[in-house]
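As structure tokens, the structure follows; a few thoughts come after it.
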Number of protein chains: 2
Amino acid sequence: MPRWEEGSAERLTTAALELFEERGFEDTSVVEIAERARVTTRTFFRYFPDKREVLFAESDRIRTAIVQAVLDAPDVTQPLRVVTTALAQFDWDVGGAEIQRRRHAVIAANPGLLERELIKQDEIATEVVRALRRRGVEEEAARLATRVGIQVFATAYARWAEGDGGADLTELTEAATDLLRALVPTEGPPWPRTREEVRS
Amino acid sequence: MPRWEEGSAERLTTAALELFEERGFEDTSVVEIAERARVTTRTFFRYFPDKREVLFAESDRIRTAIVQAVLDAPDVTQPLRVVTTALAQFDWDVGGAEIQRRRHAVIAANPGLLERELIKQDEIATEVVRALRRRGVEEEAARLATRVGIQVFATAYARWAEGDGGADLTELTEAATDLLRALVPTEGPPWPRTREEVRS
DNA sequence: GTCTATAGTCCGATAGAC
DNA sequence: GTCTATCGGACTATAGAC
């Protein structure tokens, strides 16, 4: 028989998500979160370094898995595809799609939480660049492929999260890659040639 | 004769940059910044809603200028180029290149400040997407062109900030666009075909 | 588990500029 | 008189120290 209830971290995460939905992030205090989870504030800060981090408990696992997928990619001659594939093949439904949807809604609605989300993405990007470098990809190519790959995937993910009839994330990523191909400017001068140039 | 020294905001910004360099962001208190700028903490919070914002006073102006450049672009048939051009043509040296270099170094060294930098970029991205939409660009194309364009420009900017002999930002952006073109996967199956397929 | 420093808010007061 | 920038002090919550 445990002396205290077990699963404090999970209860804190659940309580925080509920309270952020009910009253907003700013208007919820750590004290309230801790009360609903039946622990003290001290316990909250034992599990999470700050109030925001309570919604990002999974981020280490996500980052590690994606970096590993890049390191394990069979071929890195197309680094951008390596990145999009590593992202698309991750199981994003951790804890259930509904929880993820609620979590994203809360994050999007609160600048403070969005800041944290963005820096987590940035940390993933930094480590993916390092992984590509280790696979022999040149520095600038690794950086651009990673950052662009993340944006391509984000486009697909946005569609997927909107729940377009349970579409496949891999297919949506392929569609986003097609869109990227259409958007990249063709070689030549930056701006469409002037009428004079076209005439000649 | 003014009752107090004028230019409190500038003094606060200068003092903050110096102190963040000397002792780091976390180990600098608002009280110290205010003391060095010869005002009270109350005055600090009149100018800046929080401690981080003291390094982002220019961000509204930057965002507005870039959005306006997108709205004024002569042609939006290549939205990605519209974005990279709008970014490349902005005068990034505000307050002198040396101040900008120091500012970036401080931000990069402090996660808390980096968070804020990233959400500022995200705000610019959101408004650029809206601007492209107003120019008639389709939603998903606008989103991807904006996000990718920002990453292309960021690649160029990173080189420029490293100070490669005063290279031209427009040229560096063109070089980054060339790199992007080389990175975008060619059409076809996601992965290199298997040996069997190649043989046939 | 308690104590404390810092961030950030709120209300009111003051005094020069217009 | 009104507007604006400043100051003073009390107050809460976060987060780290003891």
Side-chain angles (χ1 to χ4, degrees), chain A residues 2-6 8-9 11-13 15-57 59-60 106-107 109-117 119-120, chain B residues 1-57 59-60 106-107 109-117 119-120:
Chain A
R3 194 142 50 126
W4 297 280
E5 271 187 277
E6 291 174 38
S8 299
R11 286 205 313 285
L12 283 165
T13 298
L17 183 57
E18 288 171 4
L19 284 163
F20 294 165
E21 285 172 332
E22 291 167 21
R23 321 153 58 93
F25 173 72
E26 302 283 355
D27 293 338
T28 301
S29 74
V30 174
V31 174
E32 291 170 311
I33 299 168
E35 278 171 1
R36 186 169 294 199
R38 300 181 297 281
V39 297
T40 63
T41 58
R42 183 72 181 74
T43 300
F44 180 96
F45 287 110
R46 268 167 36 83
Y47 285 103
F48 307 105
D50 63 55
K51 183 178 158 188
R52 297 171 188 181
E53 207 67 17
V54 70
L55 289 189
F56 296 92
S59 74
D60 273 15
V106 167
I107 290 170
N110 294 98
L113 290 168
L114 189 53
E115 275 188 345
R116 188 56 57 91
E117 170 95 335
I119 204 167
K120 296 288 181 187
Chain B
M1 196 83 148
R3 187 149 64 119
W4 299 281
E5 268 186 280
E6 291 176 39
S8 299
E10 289 83 351
R11 287 205 312 284
L12 283 164
T13 299
T14 305
L17 183 57
E18 289 171 3
L19 283 162
F20 294 166
E21 285 173 333
E22 290 168 22
R23 322 152 57 94
F25 173 73
E26 303 282 356
D27 293 338
T28 301
S29 75
V30 175
V31 175
E32 291 170 310
I33 299 169
E35 279 172 0
R36 187 170 294 199
R38 299 179 297 279
V39 296
T40 64
T41 59
R42 186 67 188 78
T43 299
F44 180 97
F45 287 111
R46 281 184 57 74
Y47 284 102
F48 308 105
D50 63 55
K51 182 177 157 187
R52 296 169 190 183
E53 207 67 16
V54 70
L55 290 190
F56 296 92
S59 73
D60 273 14
V106 167
I107 290 169
N110 293 99
L113 290 169
L114 189 53
E115 275 187 345
R116 188 55 57 90
E117 170 94 335
I119 205 167
K120 295 289 182 188

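Hydrogens, waters and symmetry mates play no part in the numbers below; they use all other heavy atoms, side chains included. Chain naming here is simple, since letters A, B, ... match the order of the sequence lines and numbering starts at 1 in each. As the structure is a computational prediction, the values presented were derived from the model and not from experiment.
- Checked against ring-ring contact (aromatic ring centres under 6.0 Å, His included), Phe25(B) has the following partners two or more places apart in sequence or in another chain: Phe20(B).
- By the side-chain contact (heavy atoms from CB on, under 4.5 Å) test, Glu18(A) pairs with Thr14(A), Glu22(A), Arg36(A), Arg102(A), sequence neighbours left out.
- Applying the side-chain hydrogen bond (donor to acceptor under 3.5 Å, both in side chains) rule to Thr40(A) yields the partners Thr43(A); only residues at least two apart in sequence or on another chain are considered.
- Under the rule for a side-chain hydrogen bond (donor to acceptor under 3.5 Å, both in side chains), the partners of Arg52(B) that lie at least two apart in sequence or sit in another chain are Glu115(A), Glu115(B).
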Please list each protein N or O that sits under 3.5 Å from an N or O in nucleotides 10-12 of chain C, with the distance.
unit_1: dC10(C); atom_1: N4; unit_2: Arg42(B); atom_2: NE; d: 2.8
unit_1: dC11(C); atom_1: N4; unit_2: Arg42(B); atom_2: NE; d: 3.2
unit_1: dC11(C); atom_1: N4; unit_2: Arg42(B); atom_2: NH2; d: 3.4

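- In this structure, the salt bridge (charged side-chain N to carboxylate O under 4.0 Å, His left out) partners of Glu32(B), at least two apart in sequence or on a different chain, are Arg23(B).
- Interface residues of residues 17-33 of chain A facing DNA chain C, ordered by number: none; criterion, heavy-atom separation under 4.0 Å.
- Direction of the helix axis in the helix from dG1(C)-dC18(D) to dC18(C)-dG1(D) shifts by 10° between the two five-pair termini, rounded to 10°.
- Among the protein residues, Phe44(B) comes within range of no part of the nucleic acid, since none of its heavy atoms lies under 4.0 Å from any strand.
- As judged by a 4.0 angstrom heavy-atom cut-off over every strand, Thr41(A) is placed among residues making no nucleic acid contact.
- Scanning DNA chain D 5' to 3' for nucleotides with an atom closer than 4.0 angstrom to a non-hydrogen atom of chain B gives a first and last hit of dA5(D) to dG9(D).
- With rounding to whole Å, Phe48(B) atom CZ is found 16 Å from dA7(C) atom C1'.
- Not counting sequence neighbours, the partners of Glu53(A) by the side-chain contact (heavy atoms from CB on, under 4.5 Å) test are Phe48(A), Pro49(A), Asp50(A), Phe56(A), Arg116(A), Lys120(A).
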